[in-house]
Amino acid sequence: MSVPEVEAETKAVPMPEAETETETEVSVGPPSEPAAEPPTLAVPVPAPSIPEKAAGPPAAPPAPPARAPSVRTGGGGSTWHRLHLPIGAFLIAYGVTVLLTAALTWGDRRAELEDYFSSGAAGPALMLVKAAEALLVLAALAAVLRRRDVWLVPPLAGWMAGFAMFSVLDVLGGDLTRLLEHCAYLVGFVALLFLAYGLSAKVQVARAAPGPGGTGPGGGLTRTQEFALSAISRLQRGGDAASAPSPASATPPPRP
């Protein structure tokens with residue numbers, strides 16, 4: 001082997017080291033940063049839905065309580081019943097008839113009073129009686145117009161007192177015919193007063209009857225009102241029973 005070839009080999013030997021160093025230098029360096037993780041996306045979870053009720057027609061509002069057709073109440077706490085109207089109409093008609101009859105037959109009425117009183121006091125007594133009767137007619141008219149059952153009491157009580165007084169005078173005078181006439185009028189006015197009193201008690205009980213949100217019937221009736229109300233109820237039941245058909249008449253006849 002010649003010297004130039006040996007030198008050439010010697011010079012060529014360090015080449016792999018250079019390559020090694022270069023590779024080492026390249027491989028040696030700061031550590032590479034870890035790759036960034038991909039961002040996670042938050043997926044919203046829907047809330048559980050509550051099933052809605054099926055829409056239906058709206059509920060109708062409750063109907064107001066119906067008032068009894070037979071009861072009318074006036075202002076100021078009056079317990080006016082519809083049957084108080086015929087009672088007041090009768091009192092007005094009776095009073096007007098009595099006044100007109102006295103005006104047309106003044107002499108006869110004065111002669112009747114002379115049988116009870118002296119001749120000198122018969123005229124003033126007749127005028128006083130007819131003035132009182134005119135006031136009773138006005139009270140009955142005001143009761144009908146204002147629907148105040150309490151105002152029916154003065155006319156009823158006034159004519160009751162008058163006929164009671166004449167009945168006593170008839171007993172003292174021994175006049176049986178006039179006594180029967182005056183007692184019949186007295187009984188009629190007592191019955192009307194009793195009826196008016198019972199109708200007022202009936203309205204009072206109807207007002208205190210239990211309703212929507214109301215209380216039970218307390219009423220606050222007196223013993224007389226309770227008695228009158230029970231009597232009217234018995235009369236109504238008796239009339240209904242009399243008008244109802246009997247079972248025999250309601251049963252159809254058997255076929256032949």
Side-chain angles (χ1 to χ4, degrees), residues 70-76 78-203 224 228 231-232 235-236 239:
S70 62
V71 175
R72 287 185 181 180
T73 56
S78 174
T79 52
W80 180 265
H81 193 278
R82 65 183 179 88
L83 294 180
H84 281 128
L85 182 60
I87 296 176
F90 169 77
L91 293 176
I92 296 172
Y94 174 79
V96 172
T97 303
V98 168
L99 292 177
L100 289 177
T101 304
L104 295 176
T105 59
W106 185 264
D108 296 339
R109 299 299 177 185
R110 183 173 180 177
E112 290 179 0
L113 286 182
E114 287 179 355
D115 296 339
Y116 299 105
F117 307 102
S118 62
S119 58
L126 182 60
M127 294 179 61
L128 181 62
V129 169
K130 297 309 171 183
E133 287 180 343
L135 293 178
L136 297 180
V137 172
L138 292 178
L141 181 62
V144 172
L145 294 178
R146 299 297 301 273
R147 298 294 192 269
R148 298 299 299 271
D149 59 306
V150 179
W151 292 355
L152 293 175
V153 176
L156 291 170
W159 272 303
M160 282 173 52
F163 285 114
M165 180 189 69
F166 282 113
S167 298
V168 173
L169 294 177
D170 292 334
V171 171
L172 296 177
D175 194 342
L176 183 59
T177 304
R178 290 183 180 179
L179 176 62
L180 294 177
E181 178 184 357
H182 292 154
C183 286
Y185 278 106
L186 177 61
V187 171
F189 280 100
V190 169
L192 286 179
L193 181 61
F194 186 80
L195 178 61
Y197 200 63
L199 293 174
S200 301
K202 188 175 182 180
V203 174
T224 310
I232 292 177
L235 290 176
Q236 290 179 347

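Computed from heavy atoms alone, side chains included, the values below leave out hydrogens, waters and symmetry copies. None of the values given here were measured: they were computed from a predicted structure.
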Is there a side-chain contact between [X] and [Y] (heavy atoms, below 4.5 Å)?
X	Y	result
D149	H81	no
H84	S200	yes
T101	T97	yes
M165	H182	no
L136	L156	no
L91	L152	yes

Gap between atom [atom2] of [Y] and atom [atom1] of [X] - 0.5 Å precision:
X	Y	atom1	atom2	result
I92	I87	CD1	CD1	12.0 Å
S167	L180	OG	CG	9.5 Å
L199	L85	CG	CG	11.5 Å

task: Apply side chain to side chain contact (heavy atoms under 4.5 Å, CB included) to the pair D115 and R178, showing each step before the final yes or no.
output: CA-CA 11 Å; D115 296 339; R178 290 183 180 179; 3.2 Å; yes
field: Quiz item: cation-pi between R148 and W151, 6.0 Å / 45°
entry: yes
task: Would you please test L113 and F166 for side chain to side chain contact (heavy atoms under 4.5 Å, CB included) and show each step?
output: CA-CA 10 Å; L113 286 182; F166 282 113; 3.9 Å; yes
task: Taking all non-hydrogen atoms of both residues into account, name the closest pair between E114 and A122 and its distance.
output: CG-CB, 3.4 Å
- prompt: Which pair of non-hydrogen atoms, one from P155 and one from A139, has the smallest distance, and what is that distance?
  reply: CG-CB, 3.9 Å
query: Listed by chain and number, what are the side chain to side chain donor-acceptor pair (under 3.5 Å) partners of Y116, not counting sequence neighbours?
result: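 Here the qualifying residues are D170.
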Review item, side-chain donor-acceptor pairs of residues 126-133, under 3.5 Å, at least two apart:
residue, atom, partner, partner atom, Å
K130, NZ, E133, OE1, 3.2

- prompt: With under 30° as parallel and over 60° as perpendicular, where do the rings of F189 and F163 fit, or are they tilted in between?
  reply: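 Parallel: the ring planes of F189 and F163 meet at under 30°.
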